[in-house]
Amino acid sequence: MKTAPIAGYRRSVLARSLALALTLPFAFSAAAQEATDEDEESKDETTQLDAVEVVGSRIKRAEIEGPSPVTVITSAQIEAEGFNTVYDALNTLTQTTGSIQNELTQNGFTPNAQVLNLRGLGPGRVLTLINGRRAADYPLPYNGQSNFVNLASVPTAAVERIELLAGGASAIYGSDAVAGVINIVLKTNFEGQYLSYLTGKPSRGGSPTNDLQWVGGSTGERWSLTYAVEYYERGEMFASERDFMDSYRDDPSVDPADATAVQGLFLRDRLIGTTPGSQVFPTGETLDSVCARFSEFEIDTRANGRWCGYYGYPATQAIRNADENIAGYIYGTLDISDNLQGFASLNVWDSEASAASNTQFWQTGLFYDPTYDTILDGQRIFTPDEVGGLGAQRTIFQEQSIEFSAGLRGSMMDNRFDWDFTVSHSRYETNNDRPRFLRQELTDFFLGPRLGTDPIFGRYPVYDLNEDRYFNPITPAEFAAMSTIVKTRADSSSSTAQFVLSGDLFELPAGPLSFAAVLEAGTQEYELNADPRILPGQNIIYNLTGTGGGGSRDRYALGSEFSIPVTDSFKATLAARYDLYDDITQVDNAFTWNAGLEWRPFDNLLLRGAYSTSFRAPDMHYIFADESGFFSTVFDEYACREAGNTVTQCGNAPAWNYSAFGVRQGNPDLEEEKGNSFTAGLVWDIVDDLSLTVDYYKVELEGVVGDISSAYILQNEADCRLGTDRQGNAVDTSSAFCQFILDSVIRTVGGPNDGRIEQVNRGPINRSYISNEGIDASLRYDMDTDRYGNFSYQLSWSHVLDQKFAEFEGEPRESYRDDLTNFDFRSRMRGSVSWEYKDLNVTVFGIRYGSLPNWAETGRIAPYHVYNLNVGYEFTENFSANLIVNNVLDKIAPKDDTFFSYPFFWRAYSPIGREVFVQANFRW
């Protein structure tokens, strides 16, 4: 099936201006760059590492390893392992064991965002920093509830390295550093010019990629300038381009001949029932004659009858978003004096992307038609031919982010102390346009005006169905006349002023007592403006509701940390931080601390451990979300059990299963989530160039904020009203919990619906406990041979030992690691082998995903392996080229014969298959 090109790309003025400005350093550096002579160092000289700041501490150190394990991915490693984006690289980290929504979740709330889930604790529980500073949240809430940072907005060209601390670090960074901290360090002090172009596509077809990067920089006697520009384009892909997921006949749980299709078109006499035998047709028409008019539909024969089925409906959904973006980065320093330097950086990103869920459908609802003299309902799925092609259903995302920082840094007291004062501001904006039906226009087109109320029950509307329109394909123009564009606008920002002082306080017998102190003030804001037509009570747009929200909060913090050399081989670190929140929540303030120990009994062995407390202020949208409403089918357990029945006896009976209105909104009374993290392990340099790290970790979090389901509320409402639970155990009906539950349910008083559920109120509360413990390990070996070149081996592994969860405080903490409903990975492994020989370099990268439950929850499926290959050759000093093959073996997903739901495999696996790229690199 052909797809139309994405709508014309519209570039923001900001991005265009920066891209133009970044061309100036060519002329500038050509005129101003000073020639410098560099003395060649003898190979026999010992290299002394400069002290640098690494994520997890503000104290600079020369040692690579510290009390807490840190994973580092360099820009060279990102390229060698075959990754085009920052997210692609980070998503292979072994610590990212948790499940996430991604591009396969096209009906989700954030199909254009890229997130990580460290330790299975949730996307919002990892703090993302850019050069040590907070990035603005993605302004649309994940799963409609919580906030996170969109990693798609970080340009690969500007990245120097990425640091990951997988554990609590609130005593250093404040809120959100619960599951870990990701610090994306951008390039500085770059000299020369680098230009690269990558192009390629999947071997199965579809979704070509083009990536153009330019990085440059120059330095003078008292200044430096680094800049980068990246243009990235990736084509979209629909399920129609993958023959293993373009039809319901791809369901592996049944024979293709026995597969069940979605009902593409039906009209039923509801007085007869809902079986195929209840279908009605215009005079002289049959199921076969009507279904044959739609090229995409075909007869779906089932045990109880025949339907007009749409087997190819899955093919209409996108499985990879189109994306075209341009990013620019510039960083400069100026030495004002010998001990004072000014610096500034600007990072902008502008993107236009598209996503597409399945083509739209319409359900008529119950109505009376005088022609048929009965109560009818129907369903109509609109095919690509009717909507104007798959491109007509795209949601267009126009997104921009900007991150600016500037400051001064220097030294004082004869270079004894370093200081740094930085102000920073980051902002993220998203505008998305989504095509949807207008409810009234849709009704008018197929049903015409309302003619009254039905004469049978006296409750259903009367319409005269337009049979010609309903039972025949419509034109794209007719479809467009019933449609509109739903516009959502959202933005978020984060501003911070920070002063850091670090240095050595005084000498101890074993060395200097080092310290760092930080004083910080910041503010966060967000605003989510949903299209007014989808807000509660409007009922203008068909089958789409939304919510708005917005708010701000200020925060202030004071923290300090110390590195204490106890003996020549034993060191302790201590840190504490006090955060003050000025907002409408119950957070007010939080005090966190951590302590770490390092013992080096031998020069080649480090034993280490760390304990830290952490906290997470409630997400902005959890606090400030406006009221949203929805209808859903609920089970009235109280009425069922009050009538003397068991839950099983009530089953799906209409008396206890009916539609009720639900309301959700933010909760300003939320408190912070509180956690703690513990790690203990070793770093062993077994021999020269061979090192091993093994660390045990445990992360716990209490008071986790989350929504409670309507089903949970109604089950407990029955317990609290009846005084016993389902098993007959006594329930304290006067408890605060019961009062909360009873207040959440509104029942009708009086009239024919007396006692029925009228409304269920939901919202986020501090409710649960969650923990994750396991082992992280890594092995690295470098082998330098004179004859055969240089070899490098890296292997990392994470294994979850246990996961525990409790729904509410005081409830048993139950292990769910091996629960067959848990789709977090229990283990992940990544590794690479690199070989450099003269002008040739080869890297083979692999990742192993541990087993997951099968879809039937009766067992587990096999682990999953993916391998990448990168072959590079340096033709001249200034030119090199690479052949990159990702997913060399063209793996899709482990076999699961029970996965009967689309896309017929778990969303952690990719449907793209093998991708082949070529890359040209120029340096001068």
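Residue numbers count from 1 along this sequence. Since this is a predicted model, take the numbers as computed values, not measurements.
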From CG (Asn886) to CG (Asn84), nearest 0.5 Å:
6.5 Å
Using side chain to side chain contact (heavy atoms under 4.5 Å, CB included) as the criterion, list what pairs up with Asp211, not counting sequence neighbours.
Leu198, Gln213, Glu230, Tyr232
Under 3.5 Å donor-acceptor, Arg608 side chain and Gly66 backbone:
yes
State, without any angle test, whether Thr430 and Glu399 hold a side-chain donor-acceptor pair at a distance under 3.5 Å.
yes
Tell me whether Asn150 contacts the main-chain N or O of Ala152 through its side chain, where contact means a donor paired with an acceptor under 3.5 Å.
yes
Regarding Thr94 and Asp776, is there a side-chain donor-to-acceptor distance under 3.5 Å anywhere?
no
Donor-acceptor pair, distance only, cut-off 3.5 Å: does the side chain of Asn868 make one with the backbone of Glu81?
yes
Go through the side-chain N and O atoms of Glu429 and Asn431 and say whether any donor and acceptor fall under 3.5 Å apart.
no
For Thr422, give me all partners under side chain to side chain contact (heavy atoms under 4.5 Å, CB included), at least two apart in sequence or on another chain.
Arg133, Phe343, Ser405, Asp420
Sequence neighbours excluded, the answer for side chain to side chain contact (heavy atoms under 4.5 Å, CB included) partners of Ala406 is Ala344, Phe404
Decide whether Thr92 and Arg830 meet the rule of one side-chain donor and one side-chain acceptor closer than 3.5 Å.
yes
Kindly say whether Ile182 contributes a backbone atom to a donor-acceptor pair with the side chain of Thr128 at under 3.5 angstrom?
no
Which class fits the ring pair Tyr873 and Phe875: parallel under 30°, tilted 30 to 60°, perpendicular over 60°?
perpendicular
Might you work through the side-chain hydrogen bond (donor to acceptor under 3.5 Å, both in side chains) test for Glu163 and Asn183, ending with a clear yes or no?
CA-CA 5 Å; Glu163 304 167 342; Asn183 184 28; 3.2 Å; yes
Kindly compute the distance separating CG (Asp685) from CG (Leu606), expressed to the nearest 0.5 Å.
9.0 Å
Between the main-chain N or O of Ile564 and the side-chain N or O of Lys571, is there a donor-acceptor pair closer than 3.5 Å?
no
Any side-chain to backbone donor/acceptor pair from Thr226 onto Phe190? Under 3.5 Å, distance only.
yes
Could you tell me whether Asp418 and Arg409 have a side-chain N and a carboxylate O separated by less than 4.0 Å?
no
Trp924 and Phe922: aromatic ring centres closer than 6.0 Å?
no
Side-chain donor-acceptor pairs of residues 513-524 under 3.5 Å, sequence neighbours excluded:
from, atom 1, to, atom 2, distance (Å)
Ser514, OG, Asp504, OD1, 2.7
Glu520, OE1, Gln498, NE2, 2.8
Glu520, OE2, Arg555, NH1, 2.7
Glu520, OE2, Arg577, NH2, 3.0
Thr523, OG1, Arg553, O, 3.3
Thr523, OG1, Asp554, OD1, 2.8
Gln524, OE1, Arg553, NE, 3.4

Nearest 0.5 Å, please: how far is CG in Leu151 from OG in Ser153?
7.0 Å
Using the benzene-type ring in the case of Trp, are the ring centres of Trp214 and Tyr227 under 6.0 Å apart?
yes
Whether the side chain of Asn131 engages the backbone of Leu186 through a donor-acceptor N/O pair (distance < 3.5 Å, no angle test) should be reported.
yes
Atom pair CD (Glu160) and CD1 (Ile78), whose distance is rounded to the nearest 0.5 Å:
10.0 Å
With distance as the sole criterion, is a donor-acceptor pair present between the side chains of Ser563 and Thr573 under 3.5 Å?
no
Verify whether one side chain among Asn210 and Tyr197 offers a donor that lies under 3.5 Å from an acceptor in the other.
yes
What residues, two or more places apart in sequence or in another chain, satisfy side chain to side chain contact (heavy atoms under 4.5 Å, CB included) together with Ser614?
Ser170, Val178
In chain order, what residues pass the ring pair (Phe, Tyr, Trp, His ring centres under 6.0 Å) check against Tyr138, with sequence neighbours excluded?
Phe148, Tyr428
Got a second to check how far Trp223's CH2 is from Ser218's OG, nearest 0.5 Å?
3.5 Å
Tell me if a side-chain donor or acceptor on Ser612 pairs with a main-chain N or O of Gly168 at a distance below 3.5 Å.
yes
Is there a donor-acceptor pair under 3.5 Å between the side chain of Asn870 and the backbone N or O of Glu79?
yes
Can you tell me if Asp323 uses its side chain to pair, donor with acceptor, with the backbone of Arg234 under 3.5 Å?
no
